[in-house]
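Heads up: the structure comes next, in structure tokens.
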Amino acid sequence: VYQTVNRTVEYFIEVTVLRQRYDVDKLYRRLAQQAGESTHLDTLLPGIANDIRETVRVKTIRVLLTDPDDPALLKTEFTSVPNERAIRTREHKVLLDFFTAHPKPIILEKILHRRLDERMVRIARSLADLEAYFCMPLHTNKGLIGILTLGQKQTHDVYSEEELLAFRALSGPLVTAITNAWLYRE
């Protein structure tokens with residue numbers, strides 16, 4: 001009986017992981033395609049958010065960009081939350097400074113389970129203020145241009161290291177799309 005249950009659980013996990021990989025691959029292809037096709041952030045970002053929402057099963061998705069003239073100023077470029085007021089703030093400078101020095105995504109729940117120094121406590125507070133369970137920096141060759149934040153998953157699962165790696169790969173096409181849209185605006 002134990003072996004049958006064990007095999008069933010292993011099969012379920014294998015199918016779930018394979019499905020996630022397929023969905024992430026599909027998301028990557030769609031993001032790359034959208035990045036090449038659209039030059040308007042107001043049409044591009046909702047499509048990308050919808051793909052992320054379907055793949056990761058998360059409701060809250062935000063793209064917050066820095067002001068080119070004031071890199072400490074963070075402002076909402078996109079939010080999936082209906083009628084949410086756009087932010088325009090310098091309150092998350094500690095998070096932006098961290099991502100400038102460490103250009104890799106962070107998972108709020110993972111940092112909360114470590115011994116935190118004062119800076120990491122401020123970073124965790126900043127993530128909590130943004131309701132960001134997952135936060136990915138958006139970098140160009142010129143530096144940090146913003147962050148992508150994802151809220152809590154509908155399943156309440158913690159974001160995995162595999163998802164973290166997948167989103168690192170997705171950041172390239174997303175940054176390209178944002179940069180292209182900025183160039184088109186000019």
Side-chain angles (χ1 to χ4, degrees), residues 27-28 31-32 34-49 51-53 56 58 60-81 83-112 114 116-152 159 163-186:
L27 177 61
Y28 183 83
L31 180 57
Q34 290 173 0
E37 292 176 353
S38 182
T39 55
H40 299 285
L41 289 178
D42 55 346
T43 56
L44 175 72
L45 294 176
I48 290 170
D51 287 341
I52 292 171
R53 184 176 21 261
V56 182
V58 61
T60 306
I61 302 162
R62 293 183 186 95
V63 176
L64 307 168
L65 299 179
T66 58
D67 186 304
D69 299 324
D70 183 359
L73 181 64
L74 195 60
K75 53 190 177 176
T76 304
E77 184 67 36
F78 172 82
T79 179
S80 64
V81 179
N83 303 317
E84 182 177 59
R85 238 180 56 199
I87 66 166
R88 189 174 171 84
T89 182
R90 288 182 182 79
E91 292 177 20
H92 303 289
K93 186 173 180 336
V94 67
L95 186 60
L96 298 176
D97 290 345
F98 177 81
F99 281 137
T100 298
H102 304 91
K104 60 183 179 180
I106 55 176
I107 299 168
L108 176 60
E109 290 148 330
K110 300 256 175 160
I111 64 171
L112 291 177
R114 299 189 320 208
L116 300 178
D117 60 19
E118 184 181 329
R119 182 183 68 149
M120 289 309 288
V121 167
R122 291 194 334 259
I123 289 169
R125 280 191 194 128
S126 185
L127 291 171
D129 287 347
L130 293 169
E131 299 173 4
Y133 285 71
F134 175 91
C135 190
M136 180 177 68
L138 302 173
H139 279 273
T140 67
N141 57 354
K142 295 180 182 177
L144 183 69
I145 63 165
I147 57 176
L148 168 72
T149 68
L150 304 180
Q152 186 176 39
Y159 286 93
E163 289 167 319
L164 187 138
L165 291 172
F167 275 100
R168 279 185 87 171
L170 293 173
S171 70
L174 180 57
V175 167
T176 299
I178 291 168
T179 304
N180 288 345
W182 280 353
L183 292 173
Y184 183 78
R185 278 185 192 169
E186 292 175 3

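Below, all heavy atoms of this structure are taken into account, side chains as well, without hydrogens, waters or symmetry copies.
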Heavy atoms from other residues, nucleotides or ligands near NZ of K75 exceed 12 (cutoff 6.0 Å): yes
Answer yes or no: is there a side-chain heavy-atom contact under 4.5 Å between R88 and L73? yes
Is there a side-chain contact between L45 and L174 (heavy atoms, below 4.5 Å)? yes
Would you call L130 and C135 a side-chain contact if the rule is heavy atoms closer than 4.5 Å? no
Does the side chain of L44 reach to within under 4.5 Å of the side chain of F78, using non-hydrogen atoms? no
Does V175 offer a backbone N or O that forms a donor-acceptor pair with the side chain of H139 under 3.5 Å? no
Working for side chain to side chain contact (heavy atoms under 4.5 Å, CB included), residues K104 and L164: CA-CA 9 Å; K104 60 183 179 180; L164 187 138; 5.8 Å; no
Check whether any side-chain heavy atom of L74 lies under 4.5 Å from a side-chain heavy atom of E91, and answer yes or no. no
Just to verify, which of I48, I178, T76 counts as forming a side-chain contact (heavy atoms from CB on, under 4.5 Å) with V63? I178
Is the shortest side-chain heavy-atom distance between Y159 and V58 below 4.5 Å? yes
Side chain proximity check, I87 to T79, heavy atoms < 4.5 angstrom: no
Can you tell me if S80 uses its side chain to pair, donor with acceptor, with the backbone of I61 under 3.5 Å? yes
Compare every heavy atom of M136 with every heavy atom of R168, then report the nearest pair and how far apart it is. N-SD, 4.1 Å
Please round to the nearest 0.5 Å and tell me the distance separating atom CD of Q152 and atom CG of L108. 10.0 Å
Shortest non-hydrogen contact from P137 toward S171: O-CB, 4.4 Å
Quick one: pull up CD in E77 and CG in L138 and give me the separation to the nearest 0.5 Å. 11.0 Å
Does T60 reach the main-chain N or O of L150 with its side chain, forming a donor-acceptor pair under 3.5 Å? no
From CG (L96) to CD1 (I147), nearest 0.5 Å: 6.0 Å
Got a sec: does the NZ of K110 have more than 12 other heavy atoms crowding it under 6.0 Å? yes
CZ/F98 to CD1/I111 distance, rounded to the nearest 0.5 angstrom? 7.5 Å
Residues, nucleotides or ligands: over 12 heavy atoms within 6.0 Å of F134 CZ: yes
Polar side-chain atom of S126 near backbone of R122 as donor-acceptor pair, under 3.5 Å: no
When rounded to the nearest 0.5 Å, the distance separating CG of L148 from CG of L65 is 10.0 Å
Gap separating the CG atom of D97 from the CD1 atom of I123, nearest 0.5 angstrom: 8.5 Å
